[in-house]
**Student:** 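Got a structure here, written out as structure tokens. Questions coming.
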Amino acid sequence: MREYTPGKIEKKWQQIWDEEEPFKALNNSEKEKFYALVEFPYPSGEGLHVGHPRPYTALDIVSRKRRLQGYNVLFPMGWDAFGLPTENFAIKHKIHPATVTKNNIKRFKAQLKSIGFSFDWSREINTTDPQYYKWTQWIFLKLFEKGLAYKNEMPINWCTSCKVGLANEEVVQGSCERCGSEVIRKVKNQWMLKITKYADRLIEDLEDLDYIERVKAQQINWIGKSVGAEIDFQIENKDDKLRVFTTRPDTLFGSSYMVISAEHPLIEKYRDEIENLDDIKIYQEEVSKKSDFERTELSKEKTGIEIKGLKAINPANKQEIPIWISDYVLMTYGTGAIMSVPGHDTRDYEFAKKFNLPIIEVIKGGNIEKEAFTDIENGTIINSDFLDGMDVKKGQEYMINWLEENGLGEKKINFKLRDWVFSRQRYWGEPIPLVHCDECGWVPVPEEDLPVVLPEVENYEPTANGESPLANITQWVNTTCPKCGGKAKRETDTMPQWAGSSWYYLRYIDPHNNEALASDKALKYWMPVDWYNGGMEHTTLHLLYSRFWHKVLYDVGVVEEKEPYKKRTSHGMILGDNNEKMSKSRGNVINPDDIVNEYGADTLRTYEMFIGDFEKSVPWSENGVRGCRRFLERVWKLQEILVDGEGYTKELESSIHKTIKKVSEDFEHLKFNTGIAALMSLSNEFNDYGKITKTDLKTFIILLNPVAPHITEEMWENLGLKDYLHNSIWPEYDKEKTLDKIINIPVQVNGKVRGTIEVDVDATKEIVIEKAKEDENIRKFLDGKNIIKEIFIPGKIFNIVVK
RNA sequence: GCCGGUGUGUCGGAAUUGGCAGACGAGACAGACUCAAAAUCUGUUAUCCGUACGGGUGUGUGGGUUCGAGUCCCACCACCGGCACCA
């Protein structure tokens, strides 16, 4: 038998797969479909990282297994290629971003192919292809038609380094998610998408989905629904009312002052009545100088100032209360004003203590001398007239009713989620397909004129004044209004990186369709995605955005399913061997090419799946890689102990069936590590036994094939079997045969194992007792004691309780 | 502070969901082969007492339920991730 040479074998099979395309998914098939999806990469200049193959291998295993089980599997790949790094690279090296993208894709593709993924390459997509972004623009027009895209002058997050506006989701701790530079507030006229309109549905529809818990929790958290009431406080001697949002209407009687945000319009409106306007101006100035980051960071001490000359009336008890300004009240949430209940809110308590404001106890149960009592489960309402004696929940309902009946307020639900800032002042993105006409306003480019192709430019540099580089190309900008035919200008902002990836799973279904983003028939057959695996970092970005777009497409009637992804799982990160995140600066980056060259793709795949719990991050270990290579070498050597003739080995029958069961189940439940461990154990058993039949070896290599497709395909060929392994059938296990006939039952005395006895699997209690008492060591613990109880769990354990 | 998760040998990690804790792999140690090394093969490897048969202890900490707890309940500690003056 010749040596195991992955270098040769792997190239050979990759070439066969390239030529014969066995992993092509069919759009007209009688078979049951299975749509497996992994996040398509951003083709960066750095090439593939060892982190990429982890999720790809996982779903490749599932896909390969499902094909062997007779499914029509769609497992596609593509490129999320618009975005800043490419543009920056292009600027620096004076190469067109399209060229940079093309080169990077070429490299990525070669790397992915060298690992032997069973992607259907005939469906490869690229978000920067005009034939692709034609449909991204088409979807934008739908959003626009439905009033879900609007242009608004508003303060946005501005990255000082990228010179681009960012969505809230792209700001991490006051810094740019991408480059880490400071993010400041800048007022700009921006295209916005009304994701907030879908907030409720984005939470509610999570319920029926098979998403891992932490994904659901993070999305719910991010959307931040809170149920409460809006209440009007009359401003004394004025017509105006000051409206607040509260989640605790039950504590209204305890509200002893109000706080409004420093940007609240009330201040400007009543400037002439305010006695201390100068001091307030100074305070406002201080607040505006702080970045959002500082505002939250410097949260230790509360600051604020009372508005002298204005008072409000608490609508419950008609008390006159003061109005304060403080930066802990945000203009961007609720109504920008709160009723302060220091007795039962921690922040209000701090504020009241600092400025010596009255603290009224309205819920009994805590000690408000010491701290705010915020428990909503335990506590009884007091000092609140008609609410007295109720618990918090009942008080809330009662109060909302009372407010509504008296026209003082109403039930209200608020969300933390903000609308999606959708404009980017950059070149390398999808042009927003709108035209501005002085007569007609914003006019959509007619569908038949799509795509609006990104023009060639000399210079991609972002402009200092924050305008898109496209604005300088006058011949592109100046156009005619599709509506009135008059002079008009194109929108020069482009879409954010997240646009193309918000619907890509739909394009894979019918990637070459020119009439629609995908045909109805194909959509009906393939949707929804059965299993989508991706990074946790996309939970509140891509995953949320694409669910939103899908719901819009559902409302428009393009898709029939409310949700795009039936199941969502997430992989852990691969860390450097020093247990730190892999990065160039730490010098602990592993290049998958090196592993493929030195050990082979099958080893890389086996290792990445065997390395540990798929959902947890785990350090890289070169020794672990070697261990997996050793395993594959041993598998290869099984060919040396192959015996002639058909038939299986009776002695190992139960092990084989147990392994089929274990592997089949584990590969479906992200437990690749234990599935592979089971295969290792079985191969050890064959080795110990010293012989393997053709039938058994065939079963074994089919089970291993999804993990290590090249070596198993080669061994299949060596066995002289017909056709290819990838056209064979996944083995089924016989439940009867997974059960052992003779088993070892541990015998405990007072819960401690004192011996094991060998009995038939269906042995009765009596037989077990008798056998147990024959055991010398067990008897030692029984002698001179009274047996109080005997617990016998058939097939599991026998426990004798003595005294 | 809130939400989610995780704590098991030297390391990565197993444990049919309440039934022999440490599968599988790595590492280490010993042996075989070799002039030698690597590779390969064999054995040992939670810990303590014991030559051994065997026994004690042991799954972050403290308590509880149970014939029996890594697994269930209560309280706490540590770490990781997300959100955070969100009213």
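In what follows, every heavy atom counts, from backbone to side chain, and hydrogens, waters and symmetry copies are set aside. Naming convention: chains lettered A, B, ... in sequence-line order (proteins, then strands); numbering from 1 in each chain.
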**Student:** So, does A:Arg634 get its side chain near the phosphate of B:G25, meaning an N or O under 4.0 Å from OP1 or OP2?
**Tutor:**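 So the side-chain polar atoms of A:Arg634 do come within 4.0 Å of the phosphate oxygens OP1 or OP2 of B:G25, strictly under.
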**Student:** Distance check, C1' atoms only: B:U40 and B:C53, in whole angstrom units.
**Tutor:**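 Approximately 36 Å lies between the C1' atom of B:U40 and that of B:C53.
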**Student:** Please classify the nucleic acid contact of A:Arg629 as base, sugar-phosphate, or nothing, using heavy-atom distances under 4.0 Å.
**Tutor:**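 No contact.
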**Student:** Taking atom P in both B:C29 and B:U47, what distance in whole Å separates the two?
**Tutor:**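 Here B:C29 and B:U47 have their P atoms 15 Å from each other.
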**Student:** Regarding A:Lys780 and A:Asn777, is there a side-chain donor-to-acceptor distance under 3.5 Å anywhere?
**Tutor:** yes
**Student:** Regarding A:Asn221, tell me which of base, sugar-phosphate or nothing describes its non-hydrogen contacts under 4.0 Å with the strands shown.
**Tutor:**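 Base contact.
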**Student:** For residues 214-221 of chain A, which side-chain N or O atoms pair as donor and acceptor with protein atoms under 3.5 Å away, sequence neighbours left out?
**Tutor:**
| residue | atom | partner | partner atom | Å |
| --- | --- | --- | --- | --- |
| A:Lys216 | NZ | A:Leu206 | O | 3.2 |
| A:Lys216 | NZ | A:Glu207 | O | 3.4 |
| A:Lys216 | NZ | A:Leu209 | O | 2.9 |
| A:Gln219 | OE1 | A:Arg547 | NH1 | 2.6 |
| A:Gln219 | NE2 | A:Thr539 | O | 2.9 |

**Student:** What's the closest nucleotide to the A:Thr674 side chain, out of B:C67, B:G12, B:A15?
**Tutor:**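 Of B:C67, B:G12, B:A15, B:A15 is nearest to the side chain of A:Thr674.
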**Student:** Return no unless some side-chain N or O of A:Asn750 is found under 4.0 Å from OP1 or OP2 of B:G68.
**Tutor:** no
**Student:** Give me the ring orientation class for A:Tyr545 and A:Trp420: parallel if the planes are under 30° apart, tilted from 30 to 60°, perpendicular past 60°.
**Tutor:** parallel
**Student:** Rounded to whole angstrom, note down the C1' distance from B:G70 over to B:A21.
**Tutor:** 7 Å
**Student:** Taking for each residue the nucleotide of RNA chain B with the nearest heavy atom, is it A:Thr246 or A:Val215 whose nucleotide lies nearer the 5' end?
**Tutor:** A:Val215
**Student:** If we take the C1' atom in both B:A26 and B:C77, what is their distance in whole Å?
**Tutor:** 31 Å
**Student:** Write down the partner of B:U47 under the Watson-Crick or G-U wobble criteria, each distance required to be under 3.5 Å.
**Tutor:** B:G56
**Student:** Rounded to the nearest 0.5 Å, what separates atom CD1 in A:Ile203 from atom CZ in A:Phe415?
**Tutor:**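 Going from CD1 on A:Ile203 over to CZ on A:Phe415, the span is 5.5 Å.
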**Student:** Considering every strand shown, what is the Watson-Crick or G-U wobble mate of B:A21 when both distances are under 3.5 Å?
**Tutor:**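 Paired with no nucleotide.
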**Student:** Is B:U57 in the syn range, within 90° of 0, or in the anti range?
**Tutor:**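 For B:U57, whose glycosidic angle is more than 90° from 0, the conformation is anti.
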**Student:** Report which part of the nucleic acid A:Phe781 touches: base, sugar-phosphate, or nothing (heavy-atom distance under 4.0 Å, all strands).
**Tutor:** sugar-phosphate
**Student:** Can you figure out which of B:A26, B:A87, B:G4 approaches the side chain of A:Asn623 most closely?
**Tutor:**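 Selected nucleotide (nearest to the side chain): B:A26.
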**Student:** Suppose you measure atom P in B:C11 against the same atom in B:A28; what distance do you get, rounded to whole Å?
**Tutor:** 15 Å
**Student:** Can you tell me how far P in B:C74 sits from the matching atom in B:U57, rounded to whole Å?
**Tutor:** 28 Å
**Student:** Near RNA chain B, which residues from residues 796-803 of chain A have a heavy atom under 4.0 Å away?
**Tutor:**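 Per residue number, the list reads A:Lys796, A:Ile797, A:Asn799, A:Val801.
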**Student:** Describe the nucleic acid contact of A:Asn744 in one word from base, sugar-phosphate, nothing, applying a heavy-atom distance below 4.0 Å.
**Tutor:**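 Counting heavy atoms under 4.0 Å across all strands, the contact made by A:Asn744 includes a base.
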**Student:** Under 4.0 angstrom, heavy atoms only, what part of the nucleic acid is A:Lys658 near: base, sugar-phosphate, or nothing?
**Tutor:**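 The residue A:Lys658 makes no contact with any strand.
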**Student:** Looking at every strand, decide which applies to A:Arg630 at a 4.0 Å heavy-atom threshold: base, sugar-phosphate, or nothing.
**Tutor:**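 A:Arg630: backbone/sugar contact only, no base atoms under 4.0 Å.
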**Student:** Cation-pi check for A:Tyr211 against A:Arg568: NZ or CZ below 6.0 Å from the six-membered ring centre and within 45 degrees of the axis, yes or no?
**Tutor:** no
**Student:** Just to be sure I understand the rule, does A:Gln748 reach a base, reach only the sugar-phosphate, or reach nothing, if contact means heavy atoms closer than 4.0 Å?
**Tutor:** base
**Student:** Between B:C85, B:G56, B:A87, which one does the side chain of A:Arg754 approach most closely?
**Tutor:**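 For the A:Arg754 side chain, the nearest candidate turns out to be B:G56.
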**Student:** Establish, yes or no, whether a centroid distance under 6.0 Å links the rings of A:Phe351 and A:Tyr328.
**Tutor:** yes
**Student:** Verify whether one side chain among A:Ser226 and A:Asn414 offers a donor that lies under 3.5 Å from an acceptor in the other.
**Tutor:** no
**Student:** Is the glycosidic torsion of B:G25 within 90° of 0, making it syn, or is it anti?
**Tutor:** anti
**Student:** Indicate, with a heavy-atom threshold strictly under 4.0 Å, whether A:Asn777 touches base, sugar-phosphate, or nothing.
**Tutor:**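 Sugar-phosphate contact only - A:Asn777 comes under 4.0 Å of backbone atoms but never of a base.
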**Student:** Examine the base of B:C80 for any acceptor or donor lying under 3.5 Å from a partner atom in the side chain of A:Lys616, and report the outcome as yes or no.
**Tutor:**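 Such a pair does not exist between side chain and base.
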**Student:** What is the nucleic acid contact for A:Ile611, judged by heavy atoms within less than 4.0 Å: base, sugar-phosphate only, or nothing?
**Tutor:** sugar-phosphate
**Student:** Please give the distance between the C1' atoms of B:A87 and B:G7 as a whole number of Å.
**Tutor:** 36 Å
**Student:** With no hydrogens and no angle check, just 3.5 Å: does a side-chain donor-acceptor pair link A:His538 and A:Glu39?
**Tutor:**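 Result is yes, a qualifying pair exists.
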**Student:** Between A:Arg629 (side chain) and A:Tyr599 (backbone), is there a donor-acceptor pair under 3.5 Å?
**Tutor:**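 Answer holds: yes.
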**Student:** The side chain of A:Asp327 lies closest to which of these nucleotides: B:C85, B:A14, B:U40?
**Tutor:**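 Ranking B:C85, B:A14, B:U40 by closest atom to the A:Asp327 side chain puts B:C85 first.
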**Student:** When all nucleic acid strands are considered with a 4.0 Å heavy-atom cut-off, which category describes A:Gly627: base, sugar-phosphate, or nothing?
**Tutor:**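 Touches sugar-phosphate only.
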**Student:** Consider the side chain of A:Ile791, meaning its heavy atoms from C-beta on, and name the nucleotide among B:C83, B:A14, B:C67 that approaches it most closely.
**Tutor:**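 Ranking B:C83, B:A14, B:C67 by closest atom to the A:Ile791 side chain puts B:C67 first.
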**Student:** If the P atom of B:C24 is compared with that of B:G31, how far apart are they to the nearest Å?
**Tutor:** 24 Å
**Student:** Of the nucleotides B:G81, B:C67, B:C83, which has the atom closest to the A:Gln218 side chain?
**Tutor:**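 The answer is B:G81.
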**Student:** Can you tell me the pairing partner of B:G81 across any strand shown, Watson-Crick or G-U wobble, with both distances under 3.5 angstrom?
**Tutor:** B:C3
**Student:** Return the orientation label for the A:Phe245 and A:Tyr333 ring planes: parallel under 30°, perpendicular over 60°, tilted otherwise.
**Tutor:**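 The rings of A:Phe245 and A:Tyr333 stand perpendicular, inter-plane angle above 60°.
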**Student:** Would you mind classifying the nucleic acid contact of A:Lys216 as base, sugar-phosphate or nothing, using non-hydrogen atoms under 4.0 angstrom?
**Tutor:** nothing
**Student:** Would you indicate which nucleotide in B:G54, B:C41, B:C24 comes nearest to any side-chain atom of A:Lys780?
**Tutor:** B:G54
**Student:** Which residue, A:Lys637 or A:Ile676, contacts RNA chain B at a nucleotide closer to its 5' end, judged by nearest heavy atom?
**Tutor:**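 Of the two residues, A:Ile676 wins.
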**Student:** Over all strands shown, is A:Arg418 touching base, sugar-phosphate only, or nothing at heavy-atom distances under 4.0 angstrom?
**Tutor:** nothing
**Student:** Scan A:Thr332 against the nucleic acid and name what it touches under 4.0 Å (heavy atoms): base, sugar-phosphate only, or nothing.
**Tutor:**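 A:Thr332: no heavy atom of the nucleic acid under 4.0 Å.
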**Student:** Can you identify which nucleotide, out of B:A87, B:C24, B:G4, has its nearest atom closest to the A:Ser681 side chain?
**Tutor:**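 That would be B:C24.
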